[in-house]
Amino acid sequence: RRKTFPFPPGPKKLPIVGNLFHMPKKGFVWLEYAEMCRRYDSDIIHLSALGNSIVVLNSARAVNDLLEKRSSMYSSRPSTTMLGELMGWESGFALRPNDDIWKAQRKIVTQAMPPTDPKRFHSKQLSGTHDLLRALPQSDDVMKSLQTWAAKFIMDITYGIQGDEAKLYLCTAIETLNSIAVAATPGAFYVDQITILKYIPEWFPGASFKQKAREWNKLRVKLIDDPYLVTKARLAAGTATPSLTSLALEEIDHTQDVAHQEEIIKLASVTAYGGGSDTTVAYLGGFIIAMLMNPEVQTKAHRELEKVLGPGDLPSFSDEPTLSYITAIVREVIRYNPVVPLAIPHLLTQDNIYKGYFLPKGSIIMPNVWSILHNEEDYPKPELFNPSRFLDAEWKLNPNVKDPATAAFGFGRRACPGKHIAIASLWITVASILACYTIEPELDENGKPIKPKGEWYSGPTLFNHPLPFKCRFIPRSRDMEASLGVSLS
Ligand code: HEM
């Protein structure tokens with residue numbers, strides 16, 4: 001088949017190393033892939049690196065044709081040595097190949113968070129958001145505060161562990177999430193390219209990655225076990241608040257192997273915990289930066305909120321249909337700087353032909369979410385942050401403009417199972433921050449506003465996130481203080 005059908009276009013391959021030296025190594029890699037696709041005038045390109053076949057899909061059409069319509073063969077995951085094998089994350093379902101354990105873990109999450117019951121976690125989302133509102137004015141480093149808050153808030157949704165008690169697990173959780181971010185960075189560890197290195201002993205010069213992997217694996221195991229055991233004990237005592245883990249434990253079939261089912265629940269819970277934390281943080285950071293850079297958007301949002309809410313009222317989920325501009329801001333934040341811009345790579349499990357091109361079994365498939373969400377046809381002037389693009393002349397959501405969530409949360413059988421809960425969390429948080437505060441730039445020593453830079457991490461990463469920044473949250477009314485029960489100034 002390879003003789004009859006060529007590979008998709010791409011840079012010329014060198015003997016043995018293939019395109020190793022053409023692979024984007026730094027900067028925003030999704031932009032480099034988009035540029036490569038422009039250069040070869042194709043929405044599908046092929047590269048190879050040390051024998052690995054890599055296919056980049058740069059349009060909604062190609063992604064839909066392959067990852068959605070041919071999902072059965074495009075939905076596995078490539079193996080990763082450092083993160084998956086040595087640190088142990090391949091046992092969790094985000095990095096697992098398509099097997100029965102992946103299916104069982106995924107089912108646990110989709111049953112606990114079904115899109116058909118969006119209200120299930122509303123009260124937790126609301127109280128988590130109010131905690132954040134209280135914390136923001138004290139924040140010196142917005143991204144750090146968001147990360148601490150999310151680690152706590154998602155602990156409640158995943159395990160039902162709340163308030164100060166969640167602090168017991170925060171250190172492990174944050175260290176674990178940071179270790180994932182480091183290990184998932186392309187090129188961070190040679191062992192991902194030269195897998196044979198995984199066999200060298202820890203004491204061997206240059207093998208410090210093995211020690212790191214061992215320590216990070218320990219953290220993973222601690223994060224899997226500790227909160228899980230608390231939830232299990234609470235459920236037995238009848239004191240558990242509903243959470244992903246408690247709901248799954250209630251569904252255990254006692255006529256089957258209980259230990260096996262518990263293992264699946266533990267892995268599903270910790271994977272959901274990992275999947276939901278830093279992604280939400282990066283989008284909220286992106287939202288705050290967007291408000292600093294586009295004050296006119298913030299003013300419009302304040303006007304809409306004033307029309308709908310009474311003085312001192314905080315938004316609730318029931319306000320969503322009347323707060324179209326807030327929904328439009330959330331959509332634009334999701335579109336403008338997608339936080340997982342190449343999704344999580346998929347693996348093709350059979351040889352396949354597409355548009356006359358040969359795509360070999362074992363190819364790593366990278367959907368370029370950023371390109372899809374910055375495509376001029378769907379989103380004219382995509383480089384502008386413009387929430388109004390989602391509204392019609394009557395200020396209602398325009399159904400003809402594609403909701404960016406259709407791409408930002410991935411595709412086919414691997415699409416994010418936390419999508420609905422994540423969008424709801426973003427919506428209530430964005431609405432509440434804007435209802436409560438005006439977000440303003442930090443002041444310099446002379447009391448003058450410092451022009452916000454709005455910088456995003458530009459090192460090699462598959463996870464797009466803002467760099468640390470400072471800003472001020474100015475309370476909009478004293479009535480809010482009464483609603484939240486604290487002094488915000
Ligand atoms: C704004 C927040 C979030 C974003 C942007 C996001 C985005 C994504 C993306 C792009 C993928 C890869 C899909 C693919 O491979 O095609 C994914 C997978 C996943 N997400 Fe999310 N996610 C978010 C929140 C959450 C939440 C709250 C959970 C908790 C349940 C979650 C759990 C997962 C899991 C477990 C996977 C792996 C699914 C699989 O491989 O079968 N995510 N997410």
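None of these values were measured; they are calculated from a predicted model. Excluded from the calculations below are hydrogen atoms, water molecules and symmetry mates; all remaining heavy atoms, backbone and side chain alike, are included. All ligand and atom numbering here is 1-based and tracks the order in the structure.
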*Asks:* Kindly confirm or rule out an N or O of Tyr283 lying under 3.5 angstrom from an N or O of ligand 1.
*Replies:*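 Not met; the criterion fails.
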*Asks:* What is the nearest protein non-hydrogen atom to atom 31 (C) of ligand 1, stated with its residue, atom name and distance?
*Replies:* Cys416 SG, 3.6 Å
*Asks:* How far is atom 27 (C) of ligand 1 from the closest protein heavy atom, and which atom is that?
*Replies:* Gly276 CA, 3.5 Å
*Asks:* Compute whether any side-chain donor of one residue and acceptor of the other, for Thr245 and Ser269, lie under 3.5 angstrom apart.
*Replies:* yes
*Asks:* Please determine if Arg413 has a nitrogen or oxygen closer than 3.5 Å to a nitrogen or oxygen of ligand 1.
*Replies:* no
*Asks:* For atom 2 (C) of ligand 1, which of Leu426, Thr279, Val369 has the closest heavy atom?
*Replies:* Thr279
*Asks:* Would you check if there is a donor-acceptor pair between the side chains of Thr176 and Thr172 at a distance under 3.5 Å?
*Replies:*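 Judged by distance alone, the side chains do not pair up.
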*Asks:* Which residue owns the protein heavy atom closest to atom 41 (O) of ligand 1, what's the atom, and how far is it?
*Replies:*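 Among all protein heavy atoms, the one nearest atom 41 (O) of ligand 1 is Arg106 NH1, 2.7 Å.
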*Asks:* List the steps and the verdict of side chain to side chain donor-acceptor pair (under 3.5 Å) for Glu262 and Tyr228.
*Replies:* CA-CA 10 Å; Glu262 280 202 49; Tyr228 172 81; 2.5 Å; yes
*Asks:* In this structure, does ligand 1 have an atom that sits under 4.0 Å from one of the heavy atoms of Tyr273?
*Replies:*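 The answer is no: ligand 1 sits nowhere under 4.0 Å from a heavy atom of Tyr273.
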*Asks:* Arg96: heavy atom below 4.0 Å from ligand 1, yes or no?
*Replies:*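 It does not, in that no heavy atom of Arg96 comes within the 4.0 Å cut-off of ligand 1.
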*Asks:* Record the part of Ile421 in heavy-atom contact with ligand 1 below 4.0 Å; permitted values are side chain, backbone, both and neither.
*Replies:* side chain
*Asks:* Given Pro417, Ala112, Pro341, identify the one with the heavy atom nearest to atom 36 (C) of ligand 1.
*Replies:* Pro417
*Asks:* Distance only, no hydrogens: is a donor on one side chain within 3.5 Å (strictly under) of an acceptor on the other, for Ser91 and Arg220?
*Replies:*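 A pair is found: one side chain offers a donor N or O, the other an acceptor, under 3.5 Å apart.
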*Asks:* Quick one: which of Leu133, Ile428, Thr129 gives a side-chain contact (heavy atoms from CB on, under 4.5 Å) with Ile433?
*Replies:*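 Checked Leu133, Ile428, Thr129 against Ile433; only one passes side-chain contact (heavy atoms from CB on, under 4.5 Å): Leu133.
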*Asks:* Under a 3.5 Å cutoff, is there a donor and acceptor pairing between the side chains of His22 and Asn19?
*Replies:* yes
*Asks:* Report the nearest protein non-hydrogen atom to atom 29 (C) of ligand 1: residue, atom name, distance rounded to 0.1 Å.
*Replies:* Ala272 O, 3.5 Å
*Asks:* With Lys107, which residues qualify under side chain to side chain contact (heavy atoms under 4.5 Å, CB included), at least two apart?
*Replies:* Gln111
*Asks:* How far is atom 35 (C) of ligand 1 from its nearest protein heavy atom, and which residue and atom name does that atom have?
*Replies:*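 Nearest neighbour among protein heavy atoms for atom 35 (C) of ligand 1, to 0.1 Å: Phe93 CZ, 3.1 Å.
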*Asks:* Is it true that a side-chain atom of Arg414 and a backbone atom of Ser75 form a donor plus acceptor pair closer than 3.5 Å?
*Replies:* yes
*Asks:* Is Gln105 near ligand 1, meaning one of its heavy atoms is under 4.0 Å from it?
*Replies:*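 No.
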*Asks:* Which pairs would a plain distance check flag for residues 56-65, meaning a side-chain donor or acceptor within less than 3.5 Å of a matching protein atom at least two apart in sequence or in another chain?
*Replies:*
unit_1 : atom_1 : unit_2 : atom_2 : d
Asn58  : OD1    : Asn368 : ND2    : 3.1
Asn58  : OD1    : Ser371 : OG     : 2.7
Asn58  : ND2    : Ser371 : OG     : 3.4
Ser59  : OG     : Asp43  : OD2    : 2.7
Ser59  : OG     : Ala62  : N      : 3.1
Asp65  : OD2    : Tyr354 : OH     : 2.6

*Asks:* So is Trp102 polar-close to ligand 1, meaning N/O to N/O under 3.5 Å?
*Replies:* yes
*Asks:* Side chains of Ser53 and His46: is there a donor and an acceptor less than 3.5 Å apart?
*Replies:*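 Short answer, yes.
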*Asks:* Heavy atom under 4.0 Å from ligand 1: found in His346's side chain, backbone, both, or neither?
*Replies:* side chain
*Asks:* Using a 4.0 Å heavy-atom cut-off, which part of Phe409 comes near ligand 1: side chain, backbone, both, or neither?
*Replies:* both
*Asks:* Just checking, any donor-acceptor pair under 3.5 angstrom between side chains of Arg70 and Asn352?
*Replies:* yes
*Asks:* At under 4.0 Å between heavy atoms, is it the side chain or the backbone of Ala408 that contacts ligand 1, or both, or neither?
*Replies:*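 For Ala408, only backbone atoms sit under 4.0 Å from ligand 1.
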